[in-house]
Amino acid sequence: MTLSGRDAYREELTALAAEDASLVCLEADLGGKNHPFQTAHPDRFFNVGIAEGAMVDMAAGLAAGGYRPFVSTFAPFAALRAAESLKLALGYLNAGVTVVAPYAGVSGAWFGTTHHCLEDLAVLRSVPGVTLAAPFGEAEMRAVIRSAARSGRPHYIRTGRNATYESLPLPGTELPLVNWEFAADPDDVCLVSVGEEGTRLSLAARAATGAAHAHLVHLDHEHLVGAAAELARRHTRFVVVEEHRSQGGVAEALALLLPRCEVVGVNAGQDWPAEGGDHHDVMARLGFDLPAVLSAVARMRTGASGPVPAGSCAR
């Protein structure tokens with residue numbers, strides 16, 4: 001059975017820790033009583049409660065002592081509440097801490113604005129030295145966790161709540177800079193998918209339009225520089241689909257890295273969801289849904305001028 005991103009993370013880390021005694025797991029009141037890592041390795045599991053900044057500080061100390069800590073809490077509390085600790089630990093100290101952040105975007109839809117996070121990529125992309133990843137499906141999450149455990153470098157990994165998706169086929173054993181899920185005419189539009197919901201929508205839009213589709217997992221500046229060069233070798237017009245605000249998102253970054261290309265973003269726009277609801281309903285109220293993606297592809301194909309759809313940005 002395909003696991004959600006956060007469950008795949010827990011299972012993979014637990015398995016890796018059986019062979020690597022340096023791996024430790026910290027959670028901010030999310031562990032529950034059946035956390036697989038706690039069951040298998042109770043002496044290396046720490047539930048610190050709702051003290052996210054302190055958790056990151058503790059992890060930095062453990063990293064300095066030779067351990068490889070993985071910490072997890074909701075994305076808004078990791079990227080925003082603990083932002084100073086992340087900047088100092090992962091950035092300034094370059095501590096080998098991996099942050100796994102579920103409930104990214106508006107996947108915590110029913111919990112309201114306090115539990116939404118449409119700003120985390122902007123925050124973490126501004127901290128030099130941090131590897132950012134937004135895997136799609138169980139296989140990609142497991143690959144990202146294995147890579148983070150091997151590298152010992154600072155990581156921020158965003159995922160959703162409980163959604164389960166089948167990862168795209170991988171061309172090899174390692175995650176590529178760009179996974180070309182569907183090739184098409186170089187003169188046509190290319191969809192660029194980011195994260196769980198961006199990839200789900202891009203796959204649906206690709207099936208409906210026949211546009212090319214390039215999938216990105218790693219989103220930090222270092223990886224995006226290489227990805228942008230590969231994208232530009234195949235296409236010149238891109239629709240970037242991401243569950244994030246336009247400011248500081250991947251579309252904005254690619255627009256700067258691809259000055260000779262046309263880049264349009266379909267994203268969560270500028271509004272604040274005032275009501276809870278189903279995840280996809282909240283996204284639709286923000287203008288982040290399949291009709292918005294299809295509209296962006298159609299407009300780019302026809303060269304239409306005028307305002308872009310709600311939830312979109314254009315370069």
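Side chains included, hydrogens not; waters and symmetry mates left out as well; all remaining heavy atoms used.
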Exercise for the section: Examine Leu86 and Leu93 and state if one hydrophobic cluster contains both, with Ile, Leu, Val, Met, Phe, Trp and Tyr joined whenever side-chain heavy atoms are less than 4.5 Å apart. Expected result: no
Problem - Verdict with reasoning, Thr209 to Leu294, per side chain to side chain contact (heavy atoms under 4.5 Å, CB included) - result: CA-CA 8 Å; Thr209 65; Leu294 296 176; 3.6 Å; yes
Problem - Aromatic ring proximity, centroids under 6.0 angstrom, His35 and Phe45 - result: yes
Handout entry: Inter-residue atom distance Asp57.CG - Leu88.CG, 0.5 Å rounding
Key = 8.0 Å
Completion exercise
All heavy atoms of Ile157 vs all of Pro135, minimum pair found to be CG2-CD, 3.8 Å
Practice task
Taking the side chain as every heavy atom from C-beta outward, state whether Phe238 and Leu254 have any pair of such atoms under 4.5 Å apart.
Solution key: no
Side chains of residues 64-79: which donor-acceptor pairs under 3.5 Å do they make with residues two or more places apart or in other chains?
unit_1: Arg68; atom_1: NH1; unit_2: Ala149; atom_2: O; d: 2.3
unit_1: Arg68; atom_1: NH1; unit_2: Arg150; atom_2: O; d: 3.2
unit_1: Ser72; atom_1: OG; unit_2: Val100; atom_2: O; d: 2.9

Practice task
Just do the side-chain hydrogen bond (donor to acceptor under 3.5 Å, both in side chains) check on Thr159 and Glu196 with the steps written out, would you?
Solution key: CA-CA 7 Å; Thr159 188; Glu196 290 184 352; 3.0 Å; yes
Practice task
For the pair Ser202 (side chain) and Gly198 (backbone), establish whether a donor and an acceptor sit closer than 3.5 Å, ignoring hydrogens and angles.
Solution key: yes
Handout entry: Pairwise distance NE2(His280) to CG(Leu201) - rounded to 0.5 angstrom
Key = 7.5 Å
Handout entry: Same apolar cluster: Tyr165 and Val144, side chain cutoff 4.5 Å
Key = no
Handout entry: CG on Asp187 to CZ on Arg237, rounded to 0.5 Å
Key = 7.5 Å
Practice task
Output yes when a side-chain donor or acceptor of Glu243 lies under 3.5 Å from a complementary backbone atom of Gly195, and no otherwise.
Solution key: no
Handout entry: Nearest atoms (heavy-atom pairs only) where His213 meets Leu168
Key = CE1-CD1, 4.3 Å
Handout entry: Connected via hydrophobic side-chain network under 4.5 Å: Leu121 and Leu224
Key = yes
Exercise for the section: Spell out, as yes or no, whether a donor-acceptor pair under 3.5 Å connects the side chain of Glu140 to the backbone of Phe136. Expected result: yes
Exercise for the section: Mark yes or no for whether Ser193, through its side chain, and Thr199, through its backbone, hold a donor-acceptor pair below 3.5 Å. Expected result: no
Handout entry: Worked check of salt bridge (Lys or Arg N to Asp or Glu O under 4.0 Å) between Glu27 and Arg10
Key = CA-CA 11 Å; Glu27 298 227 358; Arg10 291 171 174 177; 3.5 Å; yes
Exercise for the section: Check whether any side-chain heavy atom of Leu23 lies under 4.5 Å from a side-chain heavy atom of Leu13, and answer yes or no. Expected result: yes
Exercise for the section: Consider only side-chain N and O atoms of Glu119 and Gln247, and report whether a donor and an acceptor are under 3.5 Å apart. Expected result: no
Problem - Arg146 (side chain) donor-acceptor with Met141 (main chain) under 3.5 angstrom - result: no
Problem - Close side-chain approach of Asp7 and Tyr9, heavy atoms under 4.5 Å - result: no
Exercise for the section: Please report the shortest heavy-atom distance between Val189 and Val297, naming the atom on each side. Expected result: CG2-O, 4.2 Å
Practice task
Indicate yes or no for a side-chain donor-acceptor contact from Asp289 to the backbone of Met283 under 3.5 Å, with no hydrogens or angles considered.
Solution key: no
Fill in the blank from the handout: Shortest non-hydrogen pair, Gly105 vs Leu118, comes out as CA-CD2, 3.7 Å
Handout entry: Arg142 with Glu138: basic N within carboxylate O range, under 4.0 Å
Key = yes
Practice task
Report yes or no: do Val225 and Val263 belong to one cluster of Ile/Leu/Val/Met/Phe/Trp/Tyr joined by side chain heavy-atom distances under 4.5 Å?
Solution key: yes
Exercise for the section: Compare all side-chain heavy atoms of Glu181 with those of Leu203 and state whether any distance is below 4.5 angstrom. Expected result: yes
Problem - Verdict with supporting geometry, Val194 and Leu219, side chain to side chain contact (heavy atoms under 4.5 Å, CB included) - result: CA-CA 8 Å; Val194 174; Leu219 311 174; 3.6 Å; yes
Practice task
Check the pair Ser107 / His279 against side-chain hydrogen bond (donor to acceptor under 3.5 Å, both in side chains), numbers first and verdict last.
Solution key: CA-CA 5 Å; Ser107 58; His279 184 188; 5.1 Å; no
Exercise for the section: Any chance you could measure His221, atom NE2, to Leu257, atom CG, to the nearest 0.5 Å? Expected result: 6.0 Å
Handout entry: Pairing of Arg200 and Glu197 as salt bridge, 4.0 angstrom limit
Key = yes
Fill in the blank from the handout: Output for pair (Arg301 CZ, Asp188 CG), nearest 0.5 Å, gives 4.0 Å
Handout entry: Within residues 209-231 or reaching into it, pairs that qualify as salt bridge (charged side-chain N to carboxylate O under 4.0 Å, His left out) - sequence neighbours excluded
Key = Arg153-Glu222
Problem - Cluster check Val56, Leu80: I/L/V/M/F/W/Y, side chain < 4.5 angstrom - result: yes
Practice task
Sequence neighbours left out, what passes ring-ring contact (aromatic ring centres under 6.0 Å, His included) with Phe37? Give chain and number order.
Solution key: His41
Handout entry: Reported CE-to-OG distance for the pair Met300 and Ser295, which is rounded to 0.5 angstrom
Key = 11.5 Å
Handout entry: Heavy-atom closest contact (Gly269 atom, Arg245 atom, distance)
Key = O-NH1, 3.1 Å
Exercise for the section: Would you indicate whether the side-chain heavy atoms of Phe288 and Val106 approach each other to under 4.5 Å? Expected result: no
Practice task
Report yes if the side chains of Val97 and Pro154 come closer than 4.5 Å at any heavy-atom pair, otherwise no.
Solution key: no
Fill in the blank from the handout: Closest heavy-atom pair, Asp120 versus Arg158, reported as atoms and distance to 0.1 Å, is OD1-NH2, 2.7 Å
Exercise for the section: Output yes when a side-chain donor or acceptor of His235 lies under 3.5 Å from a complementary backbone atom of Cys190, and no otherwise. Expected result: no
Problem - Test: Glu52 and Arg81 ion pair at under 4.0 Å - result: yes
Practice task
Apply the test side chain to side chain contact (heavy atoms under 4.5 Å, CB included) to residues Val192 and Val239: give CA-CA distance (whole Å), side-chain angles for both, the deciding distance (0.1 Å), then the verdict.
Solution key: CA-CA 6 Å; Val192 179; Val239 173; over 6 Å; no
Practice task
State, with a plain yes or no, whether a side-chain heavy atom of Leu216 is found less than 4.5 Å away from one of Val250.
Solution key: yes
Practice task
Could you tell me whether the side chains of Ser246 and Glu252 share a donor-acceptor contact shorter than 3.5 Å?
Solution key: no
Handout entry: Check: Thr236 and Leu258 side chains under 4.5 Å, non-hydrogen atoms
Key = no
Practice task
Determine, step by step, whether Phe182 and Leu191 satisfy the side chain to side chain contact (heavy atoms under 4.5 Å, CB included) criterion, reporting the C-alpha distance in whole Å, the side-chain angles of both residues, the deciding distance to 0.1 Å, and the verdict.
Solution key: CA-CA 9 Å; Phe182 186 74; Leu191 292 155; over 6 Å; no
Problem - Leu170 CG: over 12 foreign heavy atoms closer than 6.0 Å - result: yes
